Every structure is written in C-alpha cells, then in structure tokens.
Amino acid sequence: MTDTSTAASPVSPAAAPSGDGSSLYLVDGSGFIFRAFHALPMLTRPDGTPVNAVLGFSNMLLKLLADLKAEAVAVVFDSKRLNFRNDFYPEYKAHRPEPPEELKPQFSLIREATEAFCLPCLEMEGYEADDLIATYARLAREAGRDVTIVSSDKDLMQLVRPGVRMMDPMKNRMIGPDEVVEKFGVPPEKVVDVQALAGDSVDNVPGVPGIGIKTAAQLITEFGDLESLLARAGEIKQPARRQKLIDFAEQARVSRRLVLLDDNAPLPKPLDELRVREPDHQKLVDFLKAQGFRTIVARVQAEMAKDGSIADAAAPSAAPAAGAPAAAPAAPQASGEAAPRVRSHSLHAVEKRYELVQDAEALRRWVERARETGVLAVDTETDSLTPATATLVGISLATEPGLACYVPLAHRAEGAAADGLLDFSAAEAPKQIPADEALAILKEVLEDPAVLKVGHNFKFDHQLFSARGVRVAPLDDSMLISYVLEGGSHGHGMDELAELHLAYTPIPFKEVCGSGKSQITFDRVPLDKALAYAAEDADITLRLWTLLKPRLVDERMVTIYETLDRPLVPVVADMERCGVRVDQAALARLSQDLSVRLAEIEKDVHALAGQSFNIGSPKQLGEVLFDVLKLGAGKKSKTGAYSTDSSVLEELAEQGHTIAQRVLDWRQLAKLKSTYTDALQEKIDPATGRVHTAFALAATNTGRLSSTDPNLQNIPVRTEEGRKIRRAFVAAPGHKLLSVDYSQIELRLVAEMANIAALKQAFHEGLDIHAATASQVFGIPLDKMTSDIRRKAKAINFGIIYGISGFGLGRQLGIPPGEANAFIKAYLERFHELKAWMEATKAFARQHGYVTTLFGRRCYMPGIQDKNPARRGFAERQAINAPIQGTAADIMKRAMARVPKALEEAGSGARMLLQVHDELLFEVPEGQAEEAAALVRRVMEGAASLGVPLVADAGIGDNWDEAH
DNA sequence: TTCGTCACG
DNA sequence: GACGTACGTGACGAAG
C-alpha cells in the first residue's frame, strides 16, 4: 500500500513529484480497455453505441487526475495485433479471439476520451503498449523522474524498481516490490524468468509444461536465474520435473523472450513532451455529454464551479471524533502532513470519520443522528458465519457516507489465550457497553418505522437481531438491489461491489483475522483494527446504497425489488433460523449400513478387475476399465482422461459387463454416504436436533434461491435408496410435515409466455400434459397413448424449457440426433407460437444483452454476442431457459412473501422451513395440517394471475418422504 | 484449486 | 459450416 519509491526520498515525503512536474504516470490504456469492458455491465449511448469501457476509462482517468497534483500523465496503447514477437513465435497471442463486437467501437472512443482529457496518446506500430511503457519508464528514470505505471497487468511487474512503481486502477492499490514478490514469489528482476517457466495461457506463452508460478519461483530462487537453472537442470531431484526442464529448455528460452519487455522501442513522442498539461474542461464536458455520462458530467461541472480545476482541492482531514482512532487510509496514500488526502473513490470522496463507541451516551448520539437522517446502515460482526450459533461480537453503524462507528459488545482482552485457558497475565477485556443495554438502545431505532435500515446481505444480520428480540424494519439490502439491477453480470458481495462501483478495495477480512490455522475470531481482534474494518463495512454499505438505490427508479426495477426480493429478507431469515428437524440416529444407522454394503461391492469390483484400486478415482477406474479390461474404446473428455460417468457405465452394463453395474451401485451408495448420511449429521445443531441451511438470495442467474451449508435443495428423492435419507427429515413431536409444490409450473409458463393456444387449452382442461402433447404432436388419440410415446413427449417438453437441441434430446432419449430433430420439428409445427417466441426471445437477448421474466426481472447473458458459435449457442439456450425458470422463481417468491402473513392471520401455528424451487416445506402442529395445506395451496395458486391456471399439490406426513 | 461426478428442480 | 451441446444449482473425493 505504501509508496516505497517516493516515500523513501527525503526531498519529497509525499507522493508529490520532485521539481518541475517530473513525476510521470504511464497509463496502460489497452490493458484497461479489456478489463473495464469485462468488469462493467453493458451500457449504451442513446444511439446504441456501447460505451461501458469508455465510462470505466473516463472514471478511472478522472479519479487518477483528481488524486494527483500536477504530474505528467500519458496513455499508452497497443497498435496492431501483430508485433515483433510474432516474428519469432507466430503463435504469440494467436489464439485470442477477435474483440467482442460491443468492444470494437469503443477503441476509437477511448482514444477520443484521452484527447478530451488533453492527455498524450502513445502508440507505435510493431510494439505493444507494454514495450512503450518499458521504454518510457527507463528513459524517465535516466532523466531522474519517478514513474508510476497505471495498470493491472502482471506482465508489467517486471519493470518495478526504485523509482518505478505500479498502481492497479481496478483494485486501487499500489504495487511495489513486496506485492510483486507476493504475486510471483520472486523480486521484480526475476519475474521474467518465472514467467518463462510458468508460461501464460492467456498470451499463449508456452513455458514448461507442468510448471506453475509456485514451482517456477522455487526453482528460480534456488538456481538464481533461468540460464543457470537450465544449465544445471540435471541436479533436480524430481525425475519428471528434471526431464521436463531438459526437454523444454528451448521453449523456456523462447518464452522468456516473449515476456521480456523491450525497453528500447522507438518513441512516438520524445520524453520531454510528456509534461503536465492544462485540462480543457469544456472539451471534456462536451465529450462526456456526447457519451451520455450524466453523472460524471455533473461531477466535473461541480468541480469546475467550485475551484475551476479537476484536481483535488479537499481540505486537510478533519479531526476524528474524540477518542476515535483515525481509520487506516485505504487508498494508496502518501504520508506527510501537507499531502492532500487521497480520495478513496470519487471526486467527492468524503473524509472518513470512524468512531469507537464504548459507552451508552455515545451510542444514544448515533441513534439520534439516525433519527435525523432517517437512514442507518447496519452491519454486525460475529464469531461465526452460522447465525444460529454465533455470538454477536459488535455492531457497526453509518449515518452518512464517511461517518460510521463501531460498537464492540463481546470483545475479549487483547492477548487473551486463544485456547480459552485461563491466562492471568492478560489484561482485562476492553471497555464495552453491556450487550443487552446496547441492544435495548438500538432496538428503538432498528424498529423505528421512520428510519430505514440498510444492510448488505441483511438476512444474516436480521437473523441475529431476531434471535435477540429485535425485528428490524423497514429495511433495504444493497446486495439485493445490486442483484435486481445487474443479476447475471457479476457477483454481489460487498468487496466485489466496492471495487466495481467505488473503485475501492475494502480491508480484507484476512488482514484482520488472519487465515487458515492462525485465524482468530472477531472477538479477539484489537479494537482499533475492529473499528477500521467494521465501520468501513457499514460505510461502504451506505455508499453502495446511495449509489444503487436511485437506479432502481431510473431503470424501472423498483417493483421487482420491493415485491419479490426485499420481502424475502425477514421471511427467509426466519426459515433459516427455524431449521428442520433431522433424525441423527436414523442417519447414523444408514451410514453404518452403507459402509458394509460399500465394502462388499468394493470386494466384488476388485475381484472382477483382477486388481485392487480406488473405485472413487475416475482416473484409476478409467484405466482399469479401458486399459486393463479393454472394455471398448473409452476416451472422451477434453483433458484426455477416460470418461466414466453414469452414461458410459450404463452402456457398458447393458453390454453385459457386470463390473460396470457394480461400479454404478458403488457410486450411488458412496454419494449417499459421503454427501448425505455422513456430512448431514455434522450439520445438526446438537442443542435442537435441527439443521439450519443458508439460502442465498443473490446467487443465481435466473432469480432462483440456492441453498448451502448444507444444501437442502438436493436431498435424494428419485431412488428408493435415496428416499431413506429423506425419511430422516422429520417433524417435531406433535407436528406434521406439509409439502406443497407447484405442478408443472415451468411448462405452464411456456404456454403462457409463448401464448401457445393448444397447450393453454390442455392445461385448462386439466389433462395429463405429457400425454396430451404426445397426442397432439404425434397424432395419436389419448386412449391409444403408449408409455413410450408419452415418455418421448415428456422429454421434448423438458427440452423446450432447456432451450432444445436435437443433439441434447437425442442423447436424453438414446436416439440419433436426426430423429430427435424430426420430433422437435413436429413439435414446433404443432405449437407454432413457440418457435416465434423462442426467436423473439433470442433476438431480444442479442439486442439488449439480457432477457426478462414475466414480471420484468432482468437476467443478463454476457455470452449472447460471442463469436464462438458454441458459446453463443450456450447463451441462446440460456436466453430461452432464463425467462421460464426465472418467472417460476418470481412466482415462488411472491408466494413466499405472502404465506407467513397468511398463516399468522389465520392463527395457524405452521412454520415455513424450506424452499426447493417449486416446493415449500412446512412444520405444522398436528390437527392443523389439513387447514394449513388448503391455505398454502390457495396462496401459491393465487401468487400470479395468468392465462393458464397455477396448480399446487399438498402432501402431509411424519417425514419429508411421506409428505412429498 | 480444479476436475469429474452426481444429488436436486 | 463453424463449435460442442439440453437449463439452473452445490458438495464430494481425487489429484495436482
């Protein structure tokens, strides 16, 4: 983080340049274009020109210039695709696909942007941007100027040395020698040797096979450099590695030439011309306006109005609140009193004032502040990621950007023995408000209807507060807002969003608590570090919310957020907290039984193979089946290994190979044992006998939930063996389990959205839908329907939902793709509306980069414009599937938002436990089950009003298998 | 970590 | 005609 090169100079303690603007910033324009393009969601100008990378680039330059005072900045670009490296290694970067169509028009716009900023644009035919950067960096150093290379490209790390540093504009951090060692395991001057060995698949640098960065660093450290290593390769102990280095010595030398940057490139402009330039604000504003960048235009204009300059003119930092240590500066920060504060994320970055709150009076002041602003960002710190068992260690709050506090509640004395043994030498625990008292003070504001509480992944915090008698409301969740706005284009974790929207890297959790064996729980973190980390989280949450919330309105996504996603926060939090009862003894018995049977099968398989091997190893199994026993040709899969998945084994079994069937049996039982009977037992809370899954609300591309730790959405049901596990999910004494699931919801939605008259009619008539479609497609009367024809129609019906292909359907049905294609053709002729809908959906996806559900949720599909037909085909099938799967998910969310309230109003004691995409599982007091079933069915069937009826079926039992 | 495999909707 | 295929998930053991 610290700038080692300039800070070391006694003349310039700050990052400020020495003398006449002599410090030089070289921006890797080409590298940035690609990274920005892929990191940012697609945006277009009103005329349809894509400009997401242009916006990222402009933002980056603005921020860079704002953070600098009178330094020279130049932007360097690649010229043509080919350069001198291709003369001696034609494959260099040869496999790179053409840039995506949406990126192409942005190259010239980014050059225009550079001009609009009045910065020199440097490029030279036959050389990469990296070579020019290397050359200018060398010359500048020779002229006594400090150099900062602005790039995220690891290939430039070889240039780091005294006076030359890198700044990563995406992560907003400085890269000096330490960071290079962290990345490559060697100091900058040895980076090329490591890269020569490890190669780089992105640039098609071959390296030596089997050697990665870790091994390469170790070898170079041991032997000094590449040539010494190659000369003494015979001394290497590992035989395979030794041989590889001997065989591929020449390839390593070529690789080194490829990665070594040329610092003697011809110059497009003399170094002397790279000087500070006066910005032309009007020109810049005109350019930005032409791109439709309203927000940053406003920023630039505000700066102009303020002081007529883009450059940062922030006042020196205000004193932090009394008793509060200043937060660690997060941005690359020069030390020195006179240095301007480096902005953490924008021209209007606000001073960070973080306060440690250790007494009730101070806490009450924060509550008052929240009442004044009406908004309060909240984040909790715990000693565990499992809310059911977690201790509330502290709470952080933020009331406006930059203004945050941390309230420690259960911190231990610094240096307290981590193993819990008594340690009389340790100091007393730090001063803290008693947790009950703090919660009582906070309860007023957390439950105050006039104060909006903002969290990031608020479900977690909601659960903790709920367990302590506090029902947080009303609330907003910045994670869910991001998910609604940009689901499918990136993740929605706070760190990722901070980098994306605030160009800021939050303090990593690892930095506070360590990792691996030496990891400590948050209650052992010293208060100053805890403050910096926790207050920052609340601060960032508030900043993200400030940024993202208005976009819901602009992009007309308010209803989706407010009716589908936000209401699930308390609902799902309660489901998780409740958990589901699991009979541990039953699982243990199953485990035991499976062990015995697995051992028997294993003996059989080894006997049939004539040798002992690990059946669980696909590699060993493939070798036994195809090399030793020679059961057919084998070989599949991209990595060259034999494929041994169930389809392959089933085929072998059909040919009469007993061993294949036995392996299939073994696989099934092994899976049940490891994933279900064994692992699930570990997840049972011994105090309650219940399992608490976590439902992810912002994880999928389609709007579905997902379940983790453990995943309770994939409990076996399809086989009798598997259902034994399901029977271990039981109702509490005096209760029943109630399962209610939507019947054929996705196919109903196909009929609805594609408006297929015949299919809708069939649903209205309540027919067996697979038989009905079979009848219509193949022209067979219902009373003459055979199970085989019905099976085929069912497969096609599923295929439609998945974005059908002849190949996939053929494989599913075990028929040639040609025959499958004929079925599809017949289907699409009978249901002609479907074809039109699929084409229209794909066209929409191509045009917009996303598809929408019936309710308007967007699912972004980044691959839809891909030039590679395979990847594009994939995206097209996603584009067909996402509206269907996503609409079903939306409907289920509407139902989930309504069910708990409906139950409560009916005076039911039923509790909602689990959601499995089209099914809800409840625990109901005995005697109320039938009533609850009727009510839940009514809510689920009424969750959307469509042209096809929604039907939900209910089952009641003592365990999940019986109820299902 | 990544891969292959397989459990669910 | 390319290219490599049904959609969406999460967890496990093996192996590098």
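Remember, predicted model here, so these are calculated numbers, not experimental data. The sequence lines fix the lettering, A, B, ..., with proteins before strands; numbering per chain opens at 1.
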Asker: Given side chains that start at C-beta, do those of A:F695 and A:M575 come closer than 4.5 Å, heavy atoms only?
Answerer: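 Side chain of A:F695 against side chain of A:M575, heavy atoms only: contact under 4.5 Å found.
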Asker: If you check the A:P716 side chain, which of C:dA14, B:dG9, B:dA7 turns out closest?
Answerer: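 The listed nucleotide nearest to A:P716's side chain is B:dA7.
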Asker: Would A:E650 and A:R667 count as a salt bridge (charged side-chain N to carboxylate O under 4.0 Å, His left out) if you check the C-alpha gap in whole Å, the side-chain angles of each, and the deciding distance to 0.1 Å?
Answerer: CA-CA 12 Å; A:E650 270 159 24; A:R667 281 254 180 90; over 6 Å; no
Asker: Which nucleotide in the list B:dA7, B:dG9, B:dT5 gets nearest to the side chain of A:P618?
Answerer: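 Of the options given, the side chain of A:P618 lies nearest B:dT5.
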Asker: Is a donor-acceptor pair below 3.5 Å formed from side chain A:K671 to base C:dC12, judging by atom type as modelled?
Answerer: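 Looking at the base of C:dC12, it does not pair with any donor or acceptor on the side chain of A:K671 (distance under 3.5 Å).
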Asker: Taking C-beta and beyond as the side chain, do A:L631 and A:I659 meet within less than 4.5 Å on heavy atoms?
Answerer: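 The answer is yes; the side chains approach within 4.5 Å.
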Asker: Give the rounded distance in Å between these two atoms: OH of A:Y827 and C1' of C:dA6.
Answerer: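 In whole Å, C:dA6 C1' lies 14 Å from A:Y827 OH.
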Asker: Please determine whether a side-chain nitrogen or oxygen atom of A:S706 lies at a distance below 4.0 Å from atom OP1 or OP2 of C:dG8.
Answerer: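 For C:dG8, OP1/OP2 do not have a side-chain N/O of A:S706 under 4.0 Å.
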Asker: Quote, to the nearest angstrom, the P distance that separates C:dT5 from B:dC3.
Answerer: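 The answer is 14 Å between these two P atoms.
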Asker: For residues 817-831 of chain A, dump all side-chain donor-acceptor pairs below 3.5 Å to protein atoms at least two apart in sequence or in another chain.
Answerer:
from: A:N821; atom 1: ND2; to: A:P817; atom 2: O; distance (Å): 3.3
from: A:K825; atom 1: NZ; to: A:E829; atom 2: OE2; distance (Å): 3.4
from: A:Y827; atom 1: OH; to: A:N797; atom 2: OD1; distance (Å): 2.5
from: A:R830; atom 1: NE; to: A:Q776; atom 2: OE1; distance (Å): 3.3
from: A:R830; atom 1: NH2; to: A:Q776; atom 2: OE1; distance (Å): 2.7

Asker: Reckon A:Q620 touches a base, only the sugar-phosphate, or nothing at all at heavy-atom distances under 4.0 Å?
Answerer: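 The answer is sugar-phosphate, as A:Q620 gets under 4.0 Å only of primed atoms, P, OP1 or OP2.
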Asker: Tell me what A:A879 touches on the nucleic acid: a base, only sugar-phosphate, or nothing, going by heavy atoms under 4.0 Å.
Answerer: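 Result for A:A879 = nothing.
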Asker: Using a cut-off of less than 4.0 Å, is there contact between a side-chain N or O of A:T644 and OP1 or OP2 of B:dT5?
Answerer: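 Yes, because at least one side-chain N or O of A:T644 sits under 4.0 Å from OP1 or OP2 of B:dT5.
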Asker: Give a yes or no on whether a donor-acceptor pair under 3.5 Å exists between the nucleobase atoms of B:dG4, that is its base, and the side chain of A:R667.
Answerer: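 Flag unset: no donor-acceptor pair detected.
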Asker: Tell me which pairs pass side-chain hydrogen bond (donor to acceptor under 3.5 Å, both in side chains) where either residue lies in residues 803-818 of chain A, with sequence neighbours left out.
Answerer: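 The answer is none; no pair qualifies.
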Asker: May I have the distance from A:N614 (atom CG) to C:dC12 (atom P), rounded to whole angstrom?
Answerer: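 Rounding to the nearest Å, CG of A:N614 and P of C:dC12 are 17 Å apart.
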Asker: If I take atom CG in residue A:L664 and atom P in nucleotide B:dT5, what distance separates them, rounded to the nearest angstrom?
Answerer: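 Spelled out: CG on A:L664 to P on B:dT5 is 12 Å.
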Asker: If I pick the P atom on C:dC3 and the same atom on B:dA7, what distance separates them, to the nearest angstrom?
Answerer: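 Taking atom P in both B:dA7 and C:dC3, they lie 34 Å apart.
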Asker: Which part of the nucleic acid, if any, lies within reach of A:Q878 when heavy atoms closer than 4.0 Å are counted: base, sugar-phosphate only, or nothing?
Answerer: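 A:Q878: backbone/sugar contact only, no base atoms under 4.0 Å.
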Asker: Pull out every residue in residues 673-685 of chain A that has a heavy atom closer than 4.0 Å to any atom of DNA chain C, ordered by number, or say none.
Answerer: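 Residues of residues 673-685 of chain A under 4.0 Å from DNA chain C: A:S674, A:T675, A:A679.
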Asker: Run the salt bridge (charged side-chain N to carboxylate O under 4.0 Å, His left out) test on A:R790 and A:D768 for me, step by step, so that the C-alpha distance in whole Å, both residues' side-chain angles and the decisive distance to 0.1 Å come before the verdict.
Answerer: CA-CA 10 Å; A:R790 182 182 181 279; A:D768 168 349; 2.9 Å; yes
Asker: Round to a whole Å and report the spacing from CZ of A:R241 to P of C:dG16.
Answerer: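 Result: 13 Å.
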Asker: How is A:N714 classified with respect to the nucleic acid when contacts are heavy atoms under 4.0 Å: base, sugar-phosphate, or nothing?
Answerer: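 Answer is base: heavy atoms of A:N714 come under 4.0 Å of a base.
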Asker: Rounding to a whole Å, what distance do you find between A:N797:CG and B:dG9:P?
Answerer: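 So the two atoms are 18 Å apart, to the nearest Å.
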Asker: Any non-hydrogen side-chain atom of A:V951 less than 4.5 Å from a side-chain atom of A:R748?
Answerer: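 The answer is yes; the side chains approach within 4.5 Å.
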Asker: Whole-Å distance between C:dG4 C1' and A:E876 CD?
Answerer: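 From A:E876 CD to C:dG4 C1': 14 Å.
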Asker: May I have the distance from A:D645 (atom CG) to B:dA7 (atom P), rounded to whole angstrom?
Answerer: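 My rounded result for the distance is 12 Å.
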Asker: Nearest 0.5 Å please: distance from the CD1 atom of A:I601 over to the CD1 atom of A:I615.
Answerer: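 It comes to 8.0 Å.
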Asker: Roughly how many Å is it from CG in A:L672 to P in B:dA7, rounded to a whole number?
Answerer: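 Computing the A:L672:CG to B:dA7:P distance gives 7 Å.
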Asker: Just to verify, what does A:Y850 make a ring pair (Phe, Tyr, Trp, His ring centres under 6.0 Å) with, not counting sequence neighbours?
Answerer: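 Checked A:Y850 against ring pair (Phe, Tyr, Trp, His ring centres under 6.0 Å); matches are A:F844, A:H848, A:Y860.
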Asker: Which nucleotide in the list B:dA7, C:dT5, C:dA15 gets nearest to the side chain of A:S805?
Answerer: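 Selected nucleotide: C:dT5.
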Asker: Defining pairs by Watson-Crick or G-U wobble geometry with both distances under 3.5 Å, how would you list the stems of DNA chain C with at least three pairs each?
Answerer: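 DNA chain C forms these stems: B:1-9 with C:7-15.
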Asker: Which listed nucleotide (C:dA11, C:dT9, C:dC7) is nearest to the side chain of A:T700?
Answerer: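 It is C:dT9.
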Asker: Just to be sure I understand the rule, does A:G799 reach a base, reach only the sugar-phosphate, or reach nothing, if contact means heavy atoms closer than 4.0 Å?
Answerer: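 Base contact - A:G799 has a heavy atom under 4.0 Å of at least one base atom.
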Asker: Should the side chain of A:R871 and the base of C:dG4 be counted as holding a donor-acceptor pair, with the cut-off at 3.5 Å?
Answerer: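 In this structure, the two groups form no donor-acceptor pair.
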Asker: Check whether any side-chain N or O of A:R726 sits under 4.0 Å from OP1 or OP2 of B:dC8, and answer yes or no.
Answerer: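 Checking A:R726 against B:dC8: no side-chain N or O falls below 4.0 Å of OP1 or OP2.
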Asker: For A:W960 and A:F729, take the angle between the two ring planes, folded into 0 to 90°, and tell me which bin it lands in: parallel under 30, tilted 30 to 60, perpendicular over 60.
Answerer: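 Geometry flag for A:F729 against A:W960: perpendicular rings.
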Asker: For the residue pair A:N714 and A:Y676, establish whether any side-chain heavy-atom pair is separated by less than 4.5 Å.
Answerer: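 A side-chain contact exists here, since the closest heavy-atom pair is under 4.5 Å.
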Asker: Classify A:I804 by what it touches in the nucleic acid, base, sugar-phosphate, or nothing, heavy-atom distance under 4.0 Å.
Answerer: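 Base: the residue A:I804, judged by heavy atoms under 4.0 Å, touches a nucleobase.
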Asker: Excluding sequence neighbours, so at least two apart, what forms salt bridge (charged side-chain N to carboxylate O under 4.0 Å, His left out) with A:R846?
Answerer: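 Salt bridge (charged side-chain N to carboxylate O under 4.0 Å, His left out) check on A:R846 returns A:E876.
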Asker: Consider the side chain of A:N701, meaning its heavy atoms from C-beta on, and name the nucleotide among B:dG9, C:dT9, C:dC3 that approaches it most closely.
Answerer: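 Given the options B:dG9, C:dT9, C:dC3, the side chain of A:N701 is closest to C:dT9.
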Asker: Can you figure out which of B:dG9, B:dT5, C:dG10 approaches the side chain of A:V717 most closely?
Answerer: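 Closest nucleotide to the A:V717 side chain: B:dG9.
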Asker: For the side chain of A:T708, starting at C-beta, report the closest nucleotide among B:dT5, C:dA11, B:dG9.
Answerer: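 The answer is C:dA11, which lies nearest to the side chain.
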Asker: Under 4.0 Å between any heavy atoms, over every strand shown, what does A:R872 touch: base, sugar-phosphate, or nothing? Just pick one.
Answerer: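 Nothing: the residue A:R872, judged by heavy atoms under 4.0 Å, touches no strand.
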Asker: Let me know, please, whether A:A870 or A:R877 comes out on the 5' side of the other along DNA chain C by nearest nucleotide.
Answerer: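 The answer here is A:A870.
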Asker: Please measure how far the P atom in B:dC8 lies from the corresponding atom in C:dG4, and state the result in whole Å.
Answerer: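 Pairwise P distance, B:dC8 against C:dG4, rounds to 30 Å.
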